[in-house]
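I have placed the structure first, in the form of structure tokens, so that the comments after it can refer back to it.
Labels below follow one simple rule: chain letters A, B, ... track the order of the sequence lines, proteins then strands, and each chain is numbered from 1.
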Amino acid sequence: MMSEPTDTVSSGAGAMVQEGLNAAQQAAVTHGDGPLLVIAGAGTGKTTVIAHRIAHLINSKRARPEQVLALTFTEKAAAEMERRVDLLVPYGFTDTWISTFHAFGDRILREHALVLGLSPDFRVLTEAEQAIFLQEHLFDLPLDYFRPLGNPMKHVRALLQLFSRAKDEDISPRGYAAFAEQLEQQTLAAPDDDVLAERARREVEIAWIYRRYQELMAREGKLDFGDLMTKTLTLLREHPLVLQRMQERFRYVLVDEFQDTNYAQLQIVKLLAATHRNVTVVGDDDQSIFKFRGASISNILNFREEFPESHTVVLVENYRSTPAILDAAYRLIQHNNPDRLEYREGVDKRLRPQNAEGPVVESVAFQTYQEEADWVAGKIEELVEAKACPPGDIAILVRRNSDADPFLRALNMKGIPWSFSGAKGLYDREEIRLVVSFLRLLADPQDSLSLFHLAGSEIYGMPGVDLTLCNAYARRKHRSLYEVLLDVTKRPGSVPELSALSPEGIATATALLGDLDRYLRKATLEPTGRVLYEFLMERPGYGKRLVRSTSPRDHQRVGNLAAFFGLVQRFGEVAPQDRVAGFVPYLTMLIEAGEDPPIAEGEEAGDAVQVLTLHKAKGLEFEAVFLAGLVEKRFPSVDRKDAIPLPDELIKDHLPSGDFHLQEERRLFYVGVTRARRHLFLTRARDYGTKREWKRSRFVAEALALPKEHEEHPWRAAPDAAIARAAPPPEGEAALPAQPDAPLNLSHYKIDDYLTCPLKYKYVHILRVPVLRDQAVAYGAALHRAVQAYNNRRLQGLTMSSQELIDAFEAHWVNEGFISREHEEARLREGRDALAQFHAFAEGGEPPTFVEKKFRFQIGQDTVTGFLDRVDERDGEVAIIDYKSSMVRDQKEAGKEARESQQLALYALAYRESVSRLPDRVELHFLTPGGVVVGRALKAEKELDRATDRIRAAATGIRAGLFQATPSPWVCGFCAFRTICPATAWTGEREG
DNA sequence: CGCTCCACCATTTTT
DNA sequence: TGGTGGAGCG
């Protein structure tokens with residue numbers, strides 16, 4: 001072991017690089033050996049200090065460039081650091097390691113891959129790729145609870161997130177298993193504790209999955225981002241020689257944003273510095289805002305315990321903000337005491353303003369969020385016109401990406417350029433969806449949904465009437481749209497029903513099929529990228545048109561298409577053979593796995609108002625900052641746990657007191673406030689488009705020392721806003737001609753679809769756009785048919801054996817939409833089990849009175865029709881029964897579903913309409929492999945009235961031709977039309 | 001004061 | 001579709 005160098009550098013050394021530094025900064029820069037904690041408040045020159053310190057170590061010959069290791073979190077921060085150091089060191093320092101933690105891990109793991117038994121060209125998977133990996137191995141994994149057959153992918157992302165969190169905390173599969181076993185032991189001691197037993201079962205399952213996941217990944221030479229940290233740690237721990245070489249090599253270790261490090265990263269730093277102890281960490285506990293991704297604030301709070309001999313430098317001279325802004329920040333953050341370094345360690349962290357006093361911090365409230373946004377946009381206009389600051393030096397900071405929308409609209413109205421960092425959603429751009437539909441068609445010409453989309457798109461522009469006619473015909477005849485278009489174009493007159501097609505429509509279809517034919521041939525021979533390129537640039541030349549356009553909007557579309565080409569290229573790099581037929585399923589999996597690449601930057605991003613989330617604003621500064629949407633429940637937000645939380649017992653970051661979540665939100669607010677140099681506005685509204693009245697965020701009061709807000713008059717919706725909301729859509733494809741007198745034929749599904757989303761109704765019931773049936777629907781249908789057959793037999797006084805029942809189920813089985821053969825088989829087994837259970841259950845009961853009873857009744861001029869699965873009339877009691885193939889936890893939940901079922905309410909109404917008597921009860925029979933679970937409920941006049949209202953509402957809308965989409969994340973997430981739906985597509989600008 | 005039901009509203013981000 | 005928190009009831 002080499003001996004530790006002693007601190008022999010005189011105080012004058014390195015004076016060259018210290019010009020312009022204050023005393024504290026100088027102390028940090030010129031600190032000799034041993035651990036150093038730099039507590040750097042916002043705007044106190046944190047990056048300057050690290051850069052100068054690195055330069056100082058090199059220039060003073062304390063260390064050679066290659067002996068310095070500086071670790072950051074983001075590529076951006078690493079690049080900035082490198083640039084700054086470059087300016088300070090007179091000669092090249094290419095050997096200095098300035099990189100992110102992950103890049104560091106990646107590099108040394110590749111260097112030492114063989115020691116660890118890794119392939120040196122291991123591949124690091126993105127999140128979406130991880131999900132695909134798990135999907136492919138889903139049935140190689142020991143899953144039960146976490147792989148519901150109705151939706152096997154349900155927990156995949158949550159599991160991956162959990163594994164990632166486990167790696168943050170340096171928990172190996174073995175460590176997880178030990179924890180799960182311990183829980184199991186506890187259940188032995190408390191056999192009556194059902195909750196504990198359930199928990200133990202799940203944790204054991206997770207531990208198994210975690211272990212298998214790691215094994216499978218290793219076998220295929222794949223790592224995830226978390227592995228870059230944990231495997232590095234393993235390398236350092238289990239290979240003393242490697243560790244020793246590292247310690248000798250990196251004589252000085254510096255860590256930026258130390259409050260963001262997770263437990264595993266701290267362990268790496270500790271190991272690297274274990275012998276020489278030359279570790280400098282720079283951070284600010286008050287700016288720790290990444291707990292959700294593993295940041296362990298105790299790393300910085302407890303640094304002095306880990307390194308008792310450490311020196312501490314506190315940077316408090318703030319060169320950024322006015323005194324008023326710093327006052328507000330300080331008042332606010334003190335509410336996090338006592339869980340702050342300042343309080344715990346007794347240091348004074350209060351920022352000392354170096355700037356002159358500026359305008360006061362303004363807090364403004366509005367009635368509606370539109371007014372709030374308009375005011376912000378107006379104020380920005382003022383600032384820009386008064387030359388107080390250019391647009392690019394102004395920021396609107398929001399808590400969530402979705403809060404940005406009204407502000408972007410308001411900025412649009414005033415023609416102020418903006419750049420929104422949350423602009424994800426490449427796949428939702430219309431130009432991307434079009435090329436995706438094109439590729440899908442090449443992979444499967446029978447994909448009528450894609451053909452429908454492409455034919456009606458701006459590329460081909462087939463007249464809507466023609467397209468609808470062809471589509472409806474195809475549906476009626478159970479043929480694909482492709483086949484129908486072939487007939488219509490190749491054999492004119494062969495389809496008498498379609499003789500009304502316009503010549504224009506036929507010409508368009510001919511062109512489209514011609515192109516398809518050409519590209520279908522190419523697609524088998526040439527790589528994906530080339531086929532796509534020709535489609536865009538040659539025939540029909542959609543891309544060429546965009547490239548030649550002068551509109552900035554089209555330029556952005558071109559940028560998006562270029563980004564998409566990048567994805568195609570990445571596929572080409574990994575695919576054994578790069579063809580469209582392989583690319584399409586890969587892309588489908590990527591999209592389903594939730595990959596969501598950002599869209600191309602707009603033109604004027606250079607000098608545009610920056611709209612950002614607070615998290616993204618960290619490390620930035622602006623002349624003027626608007627903190628918007630400052631109301632309780634938004635900011636501070638409500639605490640939401642991870643889908644599968646990492647057990648508390650396994651988390652190392654433990655703090656003595658306080659409301660963790662609230663403290664973190666407060667730090668986020670603190671980060672926001674301290675971004676501002678001169679102008680700071682705190683805005684909010686009382687109405688954010690929901691029923692409730694939103695209250696002022698407590699943080700506003702804390703920052704400005706305001707008294708408790710007294711309640712003014714209760715809020716009322718501005719009448720014009722209410723009218724605007726209720727008004728029909730101005731125009732566009734969502735509206736069809738109103739047919740005021742047409743009687744409608746409705747069903748439960750039609751009503752439900754319309755009320756879920758009118759545009760969905762239009763797709764399903766008017767345009768009849770074909771979609772692939774979900775496997776859950778196919779499963780349910782087969783189950784229903786079998787039960788129906790059984791009930792019919794019983795009705796006739798006959799019997800049906802369990803085996804016959806299962807045979808009927810298998811006869812109706814359709815292999816559709818399963819993610820693998822194993823999935824299909826498991827699902828078949830589940831169905832057989834459910835039916836065996838049903839058989840036992842039903843054999844013990846009386847036969848039904850009616851099976852598949854048809855009903856029909858009138859509401860106004862409209863007819864409602866449908867079938868009742870089963871009706872039992874016995875001893876003067878009437879029960880309406882509906883069978884469900886979905887899962888249900890217990891009787892209680894089944895009862896709840898029955899109570900809330902709109903379908904059963906409609907059925908009860910139908911029954912009363914036909915026999916003038918209410919059914920005594922309605923029942924849902926859930927057919928689960930564990931047994932039949934029955935939920936019972938009453939449907940009284942109140943529920944029937946509600947059902948009638950729903951029928952009327954749907955009928956009115958349909959009659960009026962109103963088919964405007966009502967998009968919302970959770971409805972669209974299940975909708976089969978989301979890939980072609982214009983309501984979720986971005987065609988370009990946002991409109992007001 | 002505690003429980004249950006019902007209405008309401010659906011993060012944050014890096015590698 | 002699911003968790004949360006407020007309101008209302010016992």
Side-chain angles (χ1 to χ4, degrees), chain A residues 71-78 99-107 109 123-130 148 150-151 154-155 158 160-161 164-165 167-168 223-232 256-257 260-262 264-265 287-295 397-404 421-422 424 594 596 598 612-619 629 631-645 661 664-665 667-669 671-672 688-695 756 776 886-889 892-893 895-897 899-900 967-975:
Chain A
L71 296 168
T72 66
F73 268 83
T74 62
E75 302 280 3
K76 208 172 122 197
S99 78
T100 63
F101 270 98
H102 289 89
F104 171 75
D106 188 274
R107 187 160 160 190
L109 285 178
R123 196 177 153 79
V124 182
L125 301 190
T126 65
E127 263 171 65
E129 287 168 336
Q130 282 181 72
N151 180 8
K154 184 174 177 188
H155 296 113
L160 288 168
Q161 212 182 326
S164 167
R165 284 286 293 115
K167 288 168 191 183
D168 292 341
L223 298 187
D224 59 33
F225 286 114
D227 288 329
L228 293 178
M229 298 293 92
T230 54
K231 301 252 185 227
T232 298
D256 188 21
E257 303 279 15
D260 288 340
T261 49
N262 59 41
Q265 288 160 337
Q287 293 186 69
S288 167
I289 55 172
F290 286 110
K291 176 162 70 88
F292 65 90
R293 64 172 202 216
L397 305 184
V398 291
R399 174 69 250 262
R400 304 174 304 195
N401 285 308
S402 58
D403 296 336
S421 74
K424 295 269 197 85
D596 195 9
L612 307 156
T613 62
L614 285 133
H615 284 91
K616 282 190 178 140
K618 189 158 158 233
V631 290
E632 285 288 304
K633 300 248 161 87
R634 285 189 154 206
F635 196 8
S637 66
V638 290
D639 191 7
R640 301 189 47 169
K641 284 186 273 313
D642 286 343
I644 308 175
H661 175 72
E664 177 122 330
E665 293 286 307
R667 289 191 290 267
L668 199 53
F669 198 100
V671 166
Y688 281 96
T690 56
K691 273 187 187 163
R692 67 128 44 72
E693 178 185 324
W694 296 80
K695 288 200 258 219
T756 302
S886 54
M887 288 294 157
V888 74
R889 259 196 306 277
K892 199 176 145 210
E893 196 185 322
K896 189 167 179 257
E897 296 223 9
R899 249 174 288 136
E900 291 170 359
S968 71
W970 60 102
V971 168
C972 299
F974 292 93
C975 180

What is the distance from [atom1] of [X] to [atom2] of [N], rounded to the nearest Å?
X        : N      : atom1 : atom2 : answer
A:Glu897 : C:dG2  : CD    : C1'   : 12 Å
A:Glu893 : B:dT4  : CD    : C1'   : 16 Å
A:Trp694 : B:dA10 : CH2   : C1'   : 10 Å
A:Asp642 : B:dT12 : CG    : C1'   : 11 Å
A:Lys641 : C:dG2  : NZ    : P     : 16 Å
A:Leu612 : B:dT12 : CG    : C1'   : 13 Å
A:Arg634 : B:dT11 : CZ    : P     : 11 Å
A:Arg899 : B:dC5  : CZ    : C1'   : 9 Å

Testing the basics here: between [X] and [Y], what is the closest heavy-atom pair and its distance to 0.1 Å?
X        : Y        : answer
A:Met229 : A:Ala264 : CB-CB, 4.5 Å
A:Glu632 : A:Trp694 : O-CE3, 3.4 Å
A:Thr72  : A:Ala77  : CB-CB, 4.0 Å
A:Ala295 : A:Asp260 : CB-O, 3.6 Å

**Message:** Over 60° means perpendicular and under 30° means parallel, so tell me whether A:Phe292 and A:His615 are parallel, tilted or perpendicular.
**Reply:** perpendicular
**Prompt:** When you match A:Val638 and A:Lys154 each to their closest nucleotide on DNA chain C, which lands nearer the 5' end?
**Reply:** A:Lys154
**Message:** Quick one, A:Leu668 and A:Phe635 - any side-chain contact, counting heavy atoms below 4.5 Å?
**Reply:** yes
**Asked** So does A:Arg400 get a side-chain nitrogen or oxygen closer than 4.0 Å to the phosphate oxygens (OP1/OP2) of B:dA10?
**Response** yes
**Message:** If the cut-off is 4.0 Å, is A:Lys291 near the phosphate of B:dT11, judged by side-chain N/O to OP1 or OP2?
**Reply:** no
**Item:** Gap in Å between the two P atoms, one belonging to C:dG5 and one to B:dT11, rounded
**Value:** 15 Å
**Asked** At under 4.0 Å between heavy atoms, what does A:Lys896 touch on the DNA or RNA strands: base, sugar-phosphate, or nothing?
**Response** nothing
**Prompt:** Of the options A:Lys291, A:Arg634, A:Arg399, which is the one that meets A:Glu665 in a salt bridge (Lys or Arg N to Asp or Glu O under 4.0 Å)?
**Reply:** A:Arg399
Which protein N or O atoms sit under 3.5 Å from an N or O of nucleotides 6-8 of chain C?
none

**Prompt:** Could you walk me through whether A:Glu664 and A:Arg667 pass the salt bridge (Lys or Arg N to Asp or Glu O under 4.0 Å) check?
**Reply:** CA-CA 5 Å; A:Glu664 177 122 330; A:Arg667 289 191 290 267; 3.0 Å; yes
Could you list the protein-to-nucleotides 13-15 of chain B atom pairs, N/O on both sides, closer than 3.5 Å?
residue : atom : partner  : partner atom : Å
B:dT13  : OP1  : A:Thr613 : OG1          : 2.6
B:dT13  : OP2  : A:Asn401 : ND2          : 3.4
B:dT14  : O4'  : A:Arg293 : NH1          : 3.3
B:dT14  : O4   : A:Glu127 : OE2          : 3.4
B:dT15  : OP1  : A:Glu75  : N            : 2.8
B:dT15  : O4   : A:Glu127 : OE2          : 3.0

**Message:** Apply side chain to side chain contact (heavy atoms under 4.5 Å, CB included) to residues A:Ser164 and A:Arg293 and explain how you reach the verdict.
**Reply:** CA-CA 9 Å; A:Ser164 167; A:Arg293 64 172 202 216; over 6 Å; no
**Asked** With distance as the sole criterion, do the side chain of A:Arg399 and the base of B:dT12 form a donor-acceptor contact below 3.5 Å?
**Response** yes
